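To keep things clear, I will list the structure first and then write my remarks on it.
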Amino acid sequence: MGTALVYHEDMTATRLLWDDPECEIECPERLTAALDGLRQRGLEERCLCLSACEASEEELGLVHSPEYIALVQKTQTLDKEELHALSKQYNAVYFHPDTFHCARLAAGAALQLVDAVLTGAVHNGLALVRPPGHHSQRAAANGFCVFNNVALAAKHAKQKYGLQRILIVDWDVHHGQGIQYIFNDDPSVLYFSWHRYEHGSFWPFLPESDADAVGQGQGQGFTVNLPWNQVGMGNADYLAAFLHVLLPLAFEVTVCLILSWCWCRLDLTLLSGTLRGRCRPPLSALPISHSCCRCWLVAGFVLCWSALESIQSVQTAQTPYWTSLQQNVAPVLSSSTHSPEERSLRLLGESPTCAVAEDSLSPLLDQLCLRPAPPICTAVASTVPGAALCLPPGVLHQEGSVLREETEAWARLHKSRFQDEDLATLGKILCLLDGIMDGQIRNAIATTTALATAATLDVLIQRCLARRAQRVLCVALGQLDRPLDLADDGRILWLNIRGKDAAIQSMFHFSTPLPQTTGGFLSLILGLVLPLAYGFQPDMVLMALGPAHGLQNAQAALLAAMLRSPVGGRILAVVEEESIRLLARSLAQALHGETPPSLGPFSKATPEEIQALMFLKARLEARWKLLQVAAPPP
């Protein structure tokens with residue numbers, strides 16, 4: 001299975017036939033620019049390309065009234081003056097003789113993509129459509145939108161495939177009020193939108209775009225609005241929203257299908273690359289999105305105070321409906337730590353460095369470097385035969401090794417004691433590490449004996465540093481102690497998940513218990529591990545499962561899957577051999593990009609689990625700013 005790209009050149013046919021400054025931005029180039037960006041980066045040729053087909057009137061009727069469909073159909077025969085007069089009846093809309101055809105193609109493309117994914121023809125996909133859809137309502141066009149493509153896709157998935165847990169992520173500078181109205185009382189669709197709001201002074205100027213609009217009736221809690229009240233939101237702000245609002249809700253509801261709406265040439269190009277399995281570019285090199293300020297973050301992240309206020313307002317509004325938010329493991333920022341006048345909070349480095357982008361999005365795209373896909377996605381080096389591990393297709397059972405003399409030298413240099421069989425395994429693991437750092441392998445899994453796991457991890461850390469890795473994240477589970485002679489100089493971030501108590505040795509060395517509830521485990525990943533990983537920006541992740549690690553199959557797979565993004569996929573997972581038969585297949589699937597298995601029914605974190613996370617966050621948030629997700633009291 002791969003990635004689908006659904007498109008039809010006829011969707012470029014409509015254009016404004018009269019002068020209207022408000023509508024002139026909705027032009028064919030909005031679509032062709034996105035397609036050109038995909039082609040220039042070789043992404044189109046790596047997709048399964050599908051030609052969009054028109055949605056039928058019956059399919060349009062899943063969302064829209066017969067009278068409205070007939071009205072849009074009539075535009076095919078209207079002259080310019082009649083089209084202009086009809087357009088003025090709606091807000092920020094223009095009609096063209098080809099509008100009905102183009103809008104049916106746009107809706108049909110969304111339905112085709114749902115069919116392709118849910119029938120298993122592809123793993124995921126991208127529909128390039130025009131006109132857009134998220135503002136249109138049951139009986140009204142709005143904001144350049146004629147038929148509500150994403151809402152139609154959700155209704156189609158429900159009717160044809162019986163799905164009852166659908167997540168819509170609306171990534172656009174404007175609020176998609178049309179989608180919200182359609183699913184306002186529907187608990188089978190979780191609608192999440194982040195949008196520029198500015199306390200209601202930005203289009204579409206609606207009070208129902210604010211955080212306190214949570215849905216109605218049985219749908220309460222299934223409308224989630226995150227309003228940005230200040231322009232200039234950057235990477236850290238979106239990450240904080242992902243980790244502390246969107247992902248907890250998505251995991252709790254256990255969605256079956258994710259539908260995303262975005263309209264930005266940059267977003268579409270990066271999205272397609274991500275769907276195709278490309279490693280994401282470093283977040284510190286991405287421009288600030290969805291704002292009037294075109295700033296580049298050159299050295300680290302900046303977390304906006306206004307974003308923290310918005311996230312807190314969403315959490316407050318949604319807490320009555322979501323167990324994952326009721327756990328409330330987020331520390332409240334202290335006004336004694338940061339003054340209200342401080343408008344942004346540093347995440348990494350001493351001071352922000354910004355440069356103004358002088359032109360359009362085109363030069364920004366040219367500066368982005370999507371890392372090429374390595375020849376090998378996932379490799380495994382194990383003393384257990386590959387057949388016994390039941391590895392998924394496409395995962396390579398690696399037999400290569402560094403020279404025996406080199407392996408022995410590393411083992412002696414770091415005072416590690418290996419048996420002969422351990423040395424042979426270490427040579428294979430070092431070969432995997434070299435492959436990842438050389439860009440030949442994206443990620444890998446290796447096995448060790450229980451006694452050799454800690455020593456192997458020590459050697460791998462030193463090898464990473466010798467190869468000039470600037471930052472290495474070590475997530476060690478079980479009975480694995482940090483090497484005593486490892487310098488605490490900020491190059492190694494060591495998180496040990498073990499024992500019963502949380503402890504902090506330094507800002508780069510701490511430990512926490514392994515939660516036993518699904519809610520506690522998700523809070524650990526989303527509320528601690530990922531914020532630290534994104535803030536640290538590692539070159540490499542070493543994930544070690546040592547003796548008595550305690551991870552279940554689904555937990556190990558989810559942890560590996562979630563750690564892929566902060567490091568662009570570069571993970572080496574070391575697993576003690578007693579566990580590998582149970583974990584290998586799911587772990588390899590997760591690193592290979594497949595969906596991890598379910599954690600099971602959601603259970604709320606225990607008070608002890610919450611207390612451990614609160615303890616760590618309260619003491620670490622001064623250094624690791626993505627742990628801050630609430631604004632100080634007034």
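Predicted model, so just to flag it, every value in this text is computed and none were measured.
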Do Tyr534 and Ser565 pass the side-chain hydrogen bond (donor to acceptor under 3.5 Å, both in side chains) test, and can you show the C-alpha distance, the side-chain angles, and the key distance before you say yes or no? CA-CA 9 Å; Tyr534 278 111; Ser565 183; 3.0 Å; yes
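- Put simply, the side chain of Arg130 gets close to the backbone of Met11: a donor and an acceptor are under 3.5 Å apart.
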Given Gln555 and Leu559, is the side chain to side chain contact (heavy atoms under 4.5 Å, CB included) satisfied, shown in steps? CA-CA 6 Å; Gln555 292 175 322; Leu559 177 59; over 6 Å; no
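- Between Asp539 and Arg468 there is no salt bridge, since none of the side-chain N atoms of the basic residue sits less than 4.0 Å from a carboxylate O of the acidic one.
- A pairwise comparison of heavy atoms in Pro597 and Ser586 identifies CG-OG, 4.0 Å as the closest pair.
- Contact between Gly2 and Val122 at its shortest, heavy atoms only, is O-CB, 3.4 Å.
- Summarising the geometry of Ala107 relative to Leu152, their closest heavy-atom pair is CB-CD1, 3.7 Å, with the distance given to 0.1 Å.
- Looking at Glu252, its side chain does come within 3.5 Å of a backbone N or O of Ser324 through a donor-acceptor pair.
- Between Arg467 and Asp438 there is a salt bridge, since a side-chain N of the basic residue sits under 4.0 Å from a carboxylate O of the acidic one.
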After noting the C-alpha distance and the side-chain angles of Glu609 and Ser523, does the key distance pass the side-chain hydrogen bond (donor to acceptor under 3.5 Å, both in side chains) rule? CA-CA 9 Å; Glu609 292 167 351; Ser523 291; over 6 Å; no
Taking it one step at a time, do Phe222 and Trp322 satisfy ring-ring contact (aromatic ring centres under 6.0 Å, His included)? CA-CA 10 Å; Phe222 289 88; Trp322 296 97; 5.4 Å; yes
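- Among residues at least two apart or in separate chains, there is no salt bridge (Lys or Arg N to Asp or Glu O under 4.0 Å) pair with a member in residues 542-556.
- Residues Trp410 and Phe418 keep their aromatic ring centres 6.0 Å or farther apart.
- Contact record, Leu105 with Ala52: CD2-O, 3.5 Å, taken as the closest heavy-atom pair.
- Between Ile580 and the choices Ile445, Val380, Leu545, the side chain to side chain contact (heavy atoms under 4.5 Å, CB included) rule is met once, by Ile445.
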Apply side chain to side chain contact (heavy atoms under 4.5 Å, CB included) to His549 and Glu576, showing your working. CA-CA 9 Å; His549 60 77; Glu576 55 95 8; 4.1 Å; yes
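- Salt bridge status for Glu594 with Arg585: absent, with no side-chain N to carboxylate O gap under 4.0 Å.
- Counting only distance, with no hydrogens or angles, the side chain of Tyr7 and the backbone of Leu31 share no donor-acceptor pair below 3.5 Å.
- Note: Gln552 CD to Leu558 CG = 13.0 Å, rounded to the nearest 0.5 Å.
- In this structure, CG on Asp170 lies 5.0 Å from CD1 on Ile179, to the nearest 0.5 angstrom.
- With contacts defined as side-chain heavy-atom distances shorter than 4.5 Å, the pair Leu473/Val567 does not qualify.
- Annotation: side chain of Trp194 is not in contact with side chain of Val245 (no heavy-atom distance under 4.5 Å).
- Between the side chain of Gln516 and the backbone N or O of Leu514, at least one donor-acceptor pair lies under 3.5 Å.
- The ring of Phe192 has its center no closer than 6.0 angstrom to the ring center of Trp171.
- Between Met562 and the options Leu526, Val529, Leu522, a side chain to side chain contact (heavy atoms under 4.5 Å, CB included) holds for only Leu526.
- Note: Cys474 SG to Arg482 CZ = 8.5 Å, rounded to the nearest 0.5 Å.
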Between Leu457 and Thr448, does a side chain to side chain contact (heavy atoms under 4.5 Å, CB included) hold up when you go through it step by step? CA-CA 10 Å; Leu457 185 56; Thr448 67; over 6 Å; no
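- In this structure a side-chain-to-backbone donor-acceptor pair under 3.5 Å is present from Arg564 to Leu591.
- Atom-to-atom distance recorded for Lys604:NZ and Thr323:OG1 is 6.5 Å, nearest 0.5 angstrom.
- Remark: side-chain polar atoms of Gln112 are paired, donor with acceptor, to backbone N or O of Cys53 under 3.5 angstrom.
- Considering only heavy atoms from C-beta on, Leu460 comes within 4.5 Å of Leu430 through its side chain.
- In this structure, Lys428 and Gln398 have side chains that are not in contact, with every pair of non-hydrogen atoms separated by 4.5 Å or more.
- Of the possible donor and acceptor atoms, one in the side chain of Arg41 sits under 3.5 Å from a partner among the backbone N and O of Gly37.
- Atom CG in Leu542 sits 13.0 Å away from atom CZ in Arg463 (nearest 0.5 Å).
- Taking both residues in full, the closest heavy atoms of Leu587 and Ala556 are given as CD1-O, 3.5 Å, listed atom of the first, atom of the second, then distance.
- A donor-acceptor contact shorter than 3.5 Å is absent between the side chain of Glu59 and the backbone of Gly108.
- No more than 12 heavy atoms of other residues, nucleotides or ligands lie within 6.0 Å of CD in Gln419, so this atom counts as exposed by the packing criterion.
- At a threshold of 4.5 Å between non-hydrogen side-chain atoms, the residues Glu408 and Leu423 count as touching.
- Listed for the Ser603 side chain is a donor-acceptor partner under 3.5 Å among the backbone atoms of Thr518.
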For the pair Glu9 and Thr12, evaluate side-chain hydrogen bond (donor to acceptor under 3.5 Å, both in side chains) and give the outcome as yes or no after the intermediate values. CA-CA 6 Å; Glu9 63 181 6; Thr12 63; over 6 Å; no
Given side chain to side chain contact (heavy atoms under 4.5 Å, CB included), test Phe510 with Leu493 step by step and report yes or no. CA-CA 9 Å; Phe510 29 86; Leu493 176 59; 3.6 Å; yes
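- The shortest distance between side-chain heavy atoms of Pro538 and Val472 does not fall below 4.5 Å.
- With contacts defined as side-chain heavy-atom distances shorter than 4.5 Å, the pair Leu572/Met540 qualifies.
- Residue Arg104 holds its CZ atom at 7.0 Å from OG of Ser56, rounded to the nearest 0.5 Å.
- Scanning all heavy atoms of the two residues, the minimum distance from Ala157 to Val114 falls at CB-CG1, 4.0 Å.
- Taking a cutoff of 4.0 Å between a charged side-chain nitrogen and a carboxylate oxygen, Arg498 and Asp481 qualify as a salt bridge.
- Panel note: side chain Asp422, backbone Ala452; no donor-acceptor pair is recorded below 3.5 Å.
- Side chains of Thr456 and Thr425 form no contact here, defined as non-hydrogen atoms less than 4.5 Å apart.
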